[in-house]
Amino acid sequence: MKKVYMDNGATTRTHPEVLQAMEPFFLENYGNPSSVHGFGQEALKGTEKARDEVKKLINAADPQEIIFTGGGTEADNLAITGYAMANRERGRHLITSVVEHHAVLHTCEYLEKEMGFSVTYLPVDKYGMVSAADFREAIREDTILATIMSGNNEIGTLQPIKELARVAREQGVTFHTDAVQSVGSMPVDVQDWGVDMLSLSGHKFHGPKGVGALYVRRGIKLHPHIHGGAQEKKRRGGTHNTPGIIGLGKACELARKNLPEKEKEVSALRDKLIKGIQDNIDEVVFNGHPEQRLPGNVNFCFRYIEGESLLLSLDLEGIAGSSGSACTSGSLDPSHVLLATGLSHEVAHGSLRLTLSIFNEEEEIDYVIEKLPGIVEKLRQMSPLYQKS
Ligand SMILES: *Cc1c(COP(=O)(O)O)cnc(C)c1O
């Protein structure tokens, strides 16, 4: 059977060159980068080269602004909790948005419930976009931190980060962005964007799982949230995941070298898939922003059917996608992101997310456009809600 992977928003295939770069750090240079002997120093050379690659990809000023973490979730936790706890004497108000990833939302809720912070959750428009005017209005005397994602993992909408960061800077509020979906798939420049902190994750752009990084602009104070050794300038204890860090560095290098071309290719495939779905299936709702959008993200709701049944039928044809109706979280609630854009529960339940990467090919797009209309029609025929016109 044909196998088509279009769930790159969940995770990506590890690039063979990434795996190749990692291997010697398992088998030969396996020393602890904190050790003084040759084995350790070889490992340290590797991790510091990787740090420099991360720095280059996001245009940080200094490699010391990069803290390695165990992935995007940890980077978000460290940014938000670490900043809030280090700066709580200055104020206890945070600002975020209703469409954030749970790594951000649940961290904010934790600080609200357990640590006495108050949090403003900014609404979004029908495209899932936050407004800079709403943001400006939400800033209070005691606001210390804002955290707003750059590219939405469900509907692909890109937030106006540069504009939001400018407002934050004018008002003396530190600005963090979860750029886990953006880094590696589109240009990200922390200095041009004007952000103070930024999270990224290796496995979302062909690096290994369980490794990521937090960019922290020089001068920003953070409390460590993992207590242990003096690694990462005492901001993140624990023996370095050397092979993982090497893999992340390689993924950054590959992204930096191939980005402009690959971004164009992936966007073209995305647009072909969007058009193919709109032209061949009726009663669909396009989700997210038509232009301000992640290169690989396609998200539609199909009226009268359930995203879950759609996923299962697609899987039988070898097509891997995902749905906002969160089977994954063990609840039957539809996606908080789709509801925030104003969709009804009923429509939101029929969502399908197809996310592309540099490894997808045009014939795979054709295959999905060939299979999907029939699957949707069959499921609709079984739906009591559907009356064929
Ligand atoms: C995947 C993802 C995360 C979590 O990253 P992990 O490395 O899987 O922990 C956080 N935010 C966004 C937007 C994501 O897409």
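Atoms considered below: every heavy atom in the structure, side chains included; atoms not considered: hydrogens, waters and symmetry mates. Along the sequence shown, residues carry numbers from 1. In listed order, ligands and their atoms are each counted from 1.
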Per-atom contacts of ligand 1 with [X], taking only distances under 4.0 Å to non-hydrogen atoms:
X	answer
S201	6 (P), 7 (O)
T73	4 (C), 5 (O), 6 (P), 9 (O)
G71	7 (O)
V180	1 (C), 2 (C), 3 (C), 10 (C), 11 (N), 12 (C), 14 (C), 15 (O)
G72	5 (O), 6 (P), 7 (O), 9 (O)

Cation-pi check, R380 onto Y304 ring (under 6.0 Å, within 45° of axis):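 The answer is no, since R380 fails at least one limit relative to Y304.
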Given the ring of Y83, does K221 sit roughly above its face, with NZ or CZ under 6.0 Å from the centre of the six-membered ring and within 45° of the axis?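 Not satisfied by the 6.0 Å and 45° rule.
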The single option from H106, H102, H345 passing ring-ring contact (aromatic ring centres under 6.0 Å, His included) against H336: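 So the option named by the test is H102.
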Do L198 and V180 belong to the same hydrophobic cluster, where Ile, Leu, Val, Met, Phe, Trp and Tyr are linked whenever their side-chain heavy atoms lie under 4.5 Å apart, directly or via other members?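 Each belongs to a different hydrophobic cluster.
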Identify whether W193 and V167 are in the same connected component of the hydrophobic contact network (ILVMFWY, side-chain heavy atoms under 4.5 Å).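 Yes, W193 and V167 fall within the same hydrophobic cluster.
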Knowing that exactly one of N280, L310, I319 qualifies, which makes a side-chain contact (heavy atoms from CB on, under 4.5 Å) with L372?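 Only match with L372 under side-chain contact (heavy atoms from CB on, under 4.5 Å): L310.
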To which of H102, Q181, E74, H203 does the heavy atom nearest atom 15 (O) of ligand 1 belong?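 The option holding the nearest heavy atom is Q181.
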Counting heavy atoms only, name the option from V99, D178, L200, L294 that's nearest to atom 10 (C) of ligand 1.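 The nearest heavy atom belongs to D178.
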Heavy-atom contacts under 4.0 Å between D76 and ligand 1: side chain, backbone, both, or neither?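 It is the side chain that touches ligand 1; the backbone stays farther off.
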Side chain, backbone, both or neither: which part of K204 has a heavy atom under 4.0 Å from ligand 1?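 Near ligand 1, K204 shows its side chain, while the N, CA, C and O stay back.
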Angle between ring planes, F300 versus F286, binned at 30° and 60°: parallel, tilted or perpendicular?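 Rings of F300 and F286: perpendicular, over 60°.
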Which residue and atom name correspond to the protein heavy atom nearest atom 3 (C) of ligand 1, and how close is it?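 Protein heavy atom with the smallest distance to atom 3 (C) of ligand 1: H101 NE2, 3.5 Å.
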